[in-house]
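Computed from heavy atoms alone, side chains included, the values below leave out hydrogens, waters and symmetry copies. All residue numbers in this chain count up from 1 along the given sequence.
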Amino acid sequence: MTDKAASRAPENPAEAPPAGTSPSETPSSEAPPPGPAAPESPAPEAPATESPAAEAPALEAPAPDTPAAFARGGVTRPRRSVPWLLTAGLAALLLLLTLASAGLGAYEIPPGDVLSSVAHRMGLGGGELARVPESVLWNVRFPRIVLALLVGASLGCAGALMQGVFGNPLAEPSVIGVSSGAAVGAVAAISLGLSFLGTWTIPVFAFVAGLGTALLVYSTSRSGGRTEVVTLILTGIAVNAFAGALIGLFIFLADTAAVNQITFWQLGSLSQATWPKVLAVLPCAVAGLAVAPLYARKLDLLALGERPARHLGVDVERLRIVLVLVVALLTAAAVSVSGVIGFVGLVVPHLLRMVAGPGHRFLVPGSALGGAVVLLAGDLAARTVAEPAELPLGVLTALFGSPFFFWLLRRTRRRQGGWA
């Protein structure tokens, strides 16, 4: 009898009700000590406390095609408005820069006259300007503005695609040798004195050589029906080095006049912009810029890694082939009419990624818009900073792009804790 009573007694003396206290008064009069209360909490309460945390990401989750949605499980709602605000801001800045570029220069045209002439050409009223300002506006300024927009949009979009394909924010179109290949074609045409296509000789040679170099790099790095990113990068480095050697050889064989022309072309400029050159670049730029956003979702899935992307239905090899061709088309068309202009494809996509996140649904078209803004602003500065002389556009972009690239390297290394 004593053993049974002892077994029924509470193991902890603190749990026993004090003498003279009824059982009904015990729970309400004294709170249980914190120590014993923890293990006696009811089991069903555990999922109840975890359910709000599990349901919170579902309420705030972004579109399922962004890498942030997979990596973090959701973003806050205010972040969804960032791409729209950024797009509106870039569009407004682009309009202001277009108006400023049309009016500023060695021959200044008031903004009111620019708008009046544009309205007159569109049949919306306004009036035609005098012969000289009308000719400067429509035969010099506007071809250059449109060409700057096309070249900048092509380089910016190509940079975003390259960074998505390689999964590295430090990638740019020159990685696969498009720019160096186009430079070889242009330098060869100048050095050998080829002119059988008239003013189209250099752009055609540059475009064909750039496109051919990209295809050569991709076919050389392909093995067993697959292409590894590391092999593609290393092949591009080797081809770039070989292209540099060819450029040096052609410069050695060229005469003084050809050397000066080669040097000016390599520095990059839009000073030779004409409406025929705009029409030459327009089909390639429009085709590439129209196709690129169609692969935004697949690029987001590729950001998870090749194996997860394949499990989610992405043909990684076919995706790489298509996007490399699009990058080659955009870059070769841009370089063929403007020369080598670097860092636009590197700086613009990374800046937008830092502000609006890594989702390619906005990043691809946003990089095209941002590239147009950057190149138009750079061309305006190149024309007006050292009037009446003109700075090479490629030099100007490199002056601002190189420090940014150095900062980007330092930032990436600091966040990753080293490269190892």
Side-chain angles (χ1 to χ4, degrees), residues 65-67 150-182 207 210-223 225-237 239-240 283-310 312-335 344-346 348-350 352-353 358-371:
D65 59 343
T66 59
L150 291 176
V151 171
S154 299
L155 294 177
C157 181
L161 294 178
M162 286 299 298
Q163 293 174 10
V165 169
F166 287 97
N168 192 328
L170 305 180
E172 64 170 346
S174 62
V175 170
I176 57 175
V178 184
S179 300
S180 58
F207 177 78
L211 197 60
T213 303
L215 296 177
L216 176 64
V217 169
Y218 193 85
S219 60
T220 305
S221 60
R222 185 179 175 89
S223 177
R226 294 185 58 187
T227 304
E228 296 182 356
V229 172
V230 176
T231 307
L232 193 62
I233 293 176
L234 294 178
T235 306
I237 293 174
V239 170
N240 283 331
C284 298
V286 170
L289 294 175
V291 171
L294 301 179
Y295 292 89
R297 179 179 176 83
K298 292 184 179 180
L299 283 174
D300 288 333
L301 296 177
L302 184 62
L304 302 173
E306 291 189 21
R307 183 174 297 178
R310 287 192 180 96
L312 292 172
V314 178
D315 190 342
V316 177
E317 192 63 25
R318 181 179 179 181
L319 177 64
R320 284 204 180 116
I321 294 175
V322 173
L323 293 184
V324 166
L325 289 177
V326 172
V327 169
L329 183 68
L330 291 172
T331 308
V335 174
V344 175
L346 169 67
V348 173
H350 193 78
L352 294 181
R353 188 181 289 107
H360 288 84
R361 179 178 294 179
F362 164 75
L363 188 61
V364 172
S367 297
L369 185 59

Calculate, to the nearest 0.5 Å, the distance between atoms [atom1] and [atom2] belonging to [X] and [Y] respectively.
{"X": "Leu161", "Y": "Glu172", "atom1": "CG", "atom2": "CD", "value": "13.5 Å"}
{"X": "Lys298", "Y": "Leu312", "atom1": "NZ", "atom2": "CG", "value": "12.5 Å"}
{"X": "Leu323", "Y": "Phe166", "atom1": "CG", "atom2": "CZ", "value": "10.5 Å"}

Tell me the closest heavy-atom pair linking [X] and [Y], and the distance in Å.
{"X": "Pro358", "Y": "Arg353", "value": "CA-CG, 3.9 Å"}
{"X": "Leu363", "Y": "Pro349", "value": "CD1-O, 3.5 Å"}
{"X": "Leu329", "Y": "Ala287", "value": "CD2-CB, 4.5 Å"}
{"X": "His360", "Y": "Gly164", "value": "NE2-CA, 3.7 Å"}
{"X": "Val364", "Y": "Ala292", "value": "CG1-CB, 3.8 Å"}
{"X": "Leu330", "Y": "Cys284", "value": "CD2-O, 4.0 Å"}

Report yes if the side chains of [X] and [Y] come closer than 4.5 Å at any heavy-atom pair, otherwise no.
{"X": "Leu352", "Y": "Val348", "answer": "yes"}
{"X": "Leu346", "Y": "Gln163", "answer": "yes"}
{"X": "Val239", "Y": "Thr213", "answer": "yes"}
{"X": "Pro173", "Y": "Val178", "answer": "no"}

With sequence neighbours left out, the residues meeting side-chain hydrogen bond (donor to acceptor under 3.5 Å, both in side chains) with Ser180 are Asn240
Any chance you could lay out the side chain to side chain contact (heavy atoms under 4.5 Å, CB included) test for Ile321 and Leu325, step after step, and finish with the verdict?
-> CA-CA 6 Å; Ile321 294 175; Leu325 289 177; 4.2 Å; yes
Only one of Leu234, Leu232, Ile233, Leu216 passes side chain to side chain contact (heavy atoms under 4.5 Å, CB included) with Ser221, and that residue is Leu232
Counting heavy atoms not belonging to Tyr295, are there more than 12 under 6.0 Å from its OH?
-> no
side-chain hydrogen bond (donor to acceptor under 3.5 Å, both in side chains) contacts in which one or both residues fall within residues 320-333, not counting sequence neighbours = Glu306-Arg320
